[in-house]
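Data block below; observations after.
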Amino acid sequence: MPRRNNTREPSSARRRPQRHKDVLHGQGGHRAHDFRCVGCRLDVSLDAPGTGHRNHCPHCLASLHVDHRVPGDRASPCRGRMEALTMTARPDGEWMLIHECLTCGELSANRVAGDDNALALVRLALKPLQDTGVASRTLLTL
């Protein structure tokens, strides 16, 4: 049985201070090359086949509003959650995800990565056939 401390110090004064987060998450830490998804809460690697900057979860296609003007600049002040709204294709045949920020409403186009969930991509591609309002709202905002 532990000894009772007879001094009347508050319990917070006896605790060790918490380590800074950069000890674990800084350069070279155990999460230096991944992030936690805001949608499904899975750990996602930053290495994405087919694209230079991972900007969405390959499992649920959710993203954060972090890029401002250039992909990979991470300069957006919003930091809101972005949901995959629909898909489009470039003239060269490359698929693009259209994300909408739930905080500020901004739309952004992101390249599909090679390891994205194929079922989620097909469901997203077929979404305008189910709900025609999604396609018209997207066209009106562009």
Side-chain angles (χ1 to χ4, degrees), residues 1-2 4-5 7-142:
M1 181 176 254
R4 178 176 282 183
N5 189 353
T7 62
R8 296 290 176 199
E9 295 177 29
S11 62
S12 62
R14 288 181 285 175
R15 288 187 191 164
R16 276 191 341 215
Q18 187 177 11
R19 290 191 298 176
H20 294 287
K21 297 294 183 197
D22 60 354
V23 172
L24 296 176
H25 305 291
Q27 192 74 336
H30 75 285
R31 290 200 35 182
H33 299 290
D34 62 350
F35 64 92
R36 179 150 299 163
C37 174
V38 295
C40 62
R41 305 298 297 160
L42 293 174
D43 287 332
V44 178
S45 172
L46 287 177
D47 299 326
T51 182
H53 304 283
R54 163 79 71 194
N55 52 14
H56 62 273
C57 174
H59 307 288
C60 68
L61 308 178
S63 180
L64 278 181
H65 191 184
V66 293
D67 294 340
H68 186 58
R69 293 185 188 268
V70 180
D73 68 359
R74 308 301 192 238
S76 175
C78 178
R79 303 283 189 225
R81 181 179 174 170
M82 298 185 84
E83 289 293 322
L85 187 63
T86 188
M87 293 182 64
T88 187
R90 285 184 171 173
D92 64 355
E94 182 181 24
W95 284 17
M96 303 286 289
L97 290 170
I98 305 297
H99 282 96
E100 179 183 24
C101 181
L102 300 178
T103 304
C104 67
E106 184 176 328
L107 294 176
S108 70
N110 300 309
R111 294 173 68 183
V112 171
D115 61 347
D116 286 347
N117 184 347
L119 181 60
L121 291 173
V122 170
R123 283 183 180 164
L124 195 60
L126 295 176
K127 193 174 184 180
L129 297 176
Q130 289 178 326
D131 181 16
T132 57
V134 171
S136 63
R137 282 193 310 267
T138 304
L139 288 175
L140 290 174
T141 57
L142 293 176

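Note that these values count all heavy atoms, side chains included, but never hydrogens, waters or copies made by symmetry.
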> Can you name the closest pair of heavy atoms from Val44 and Cys37 and give their distance?
Replying inline: CG2-CB, 4.3 Å
> What is the minimum heavy-atom distance between Leu61 and Leu121, and which atoms define it?
Replying inline: CD1-CD2, 4.0 Å
>> Using the rule given for side-chain contact (heavy atoms from CB on, under 4.5 Å), can you reason through His65 versus Thr103, listing the C-alpha separation, both sets of side-chain angles and the distance that settles it, and then say yes or no?
In response: CA-CA 9 Å; His65 191 184; Thr103 304; over 6 Å; no
> If you look at every heavy atom in Cys101 and Gly80, which pair is closest and at what distance?
Replying inline: SG-CA, 4.1 Å
>> Please find the pair of heavy atoms, one from His59 and one from Cys40, that lie closest to each other, and give the distance.
In response: CB-SG, 4.3 Å
> What is the distance from atom CD1 of Ile98 to atom CG of Asn110, rounded to the nearest 0.5 Å?
Replying inline: 8.0 Å
> Distance from Glu94 atom CD to Thr88 atom OG1, nearest 0.5 Å?
Replying inline: 11.0 Å
>> Would you compute the distance between atom CG of Leu124 and atom CD of Glu83 and round it to the nearest 0.5 angstrom?
In response: 10.0 Å
>> Applying side-chain contact (heavy atoms from CB on, under 4.5 Å) to Ser108 and Met82, what does each step give before you reach the verdict?
In response: CA-CA 9 Å; Ser108 70; Met82 298 185 84; 3.3 Å; yes
>> According to ring pair (Phe, Tyr, Trp, His ring centres under 6.0 Å), does anything in residues 78-98 pair up with another residue at least two apart or in another chain? List the pairs.
In response: none
> Nearest 0.5 Å, what's the CG-CE distance between Leu97 and Met87?
Replying inline: 5.5 Å
>> Would you say that more than 12 heavy atoms from the other residues, nucleotides or ligands in this model lie under 6.0 Å from the CZ of Arg79, or not?
In response: yes
> With no hydrogens and no angle check, is any side-chain donor or acceptor of Ser63 less than 3.5 Å from a backbone partner on Asn55?
Replying inline: yes
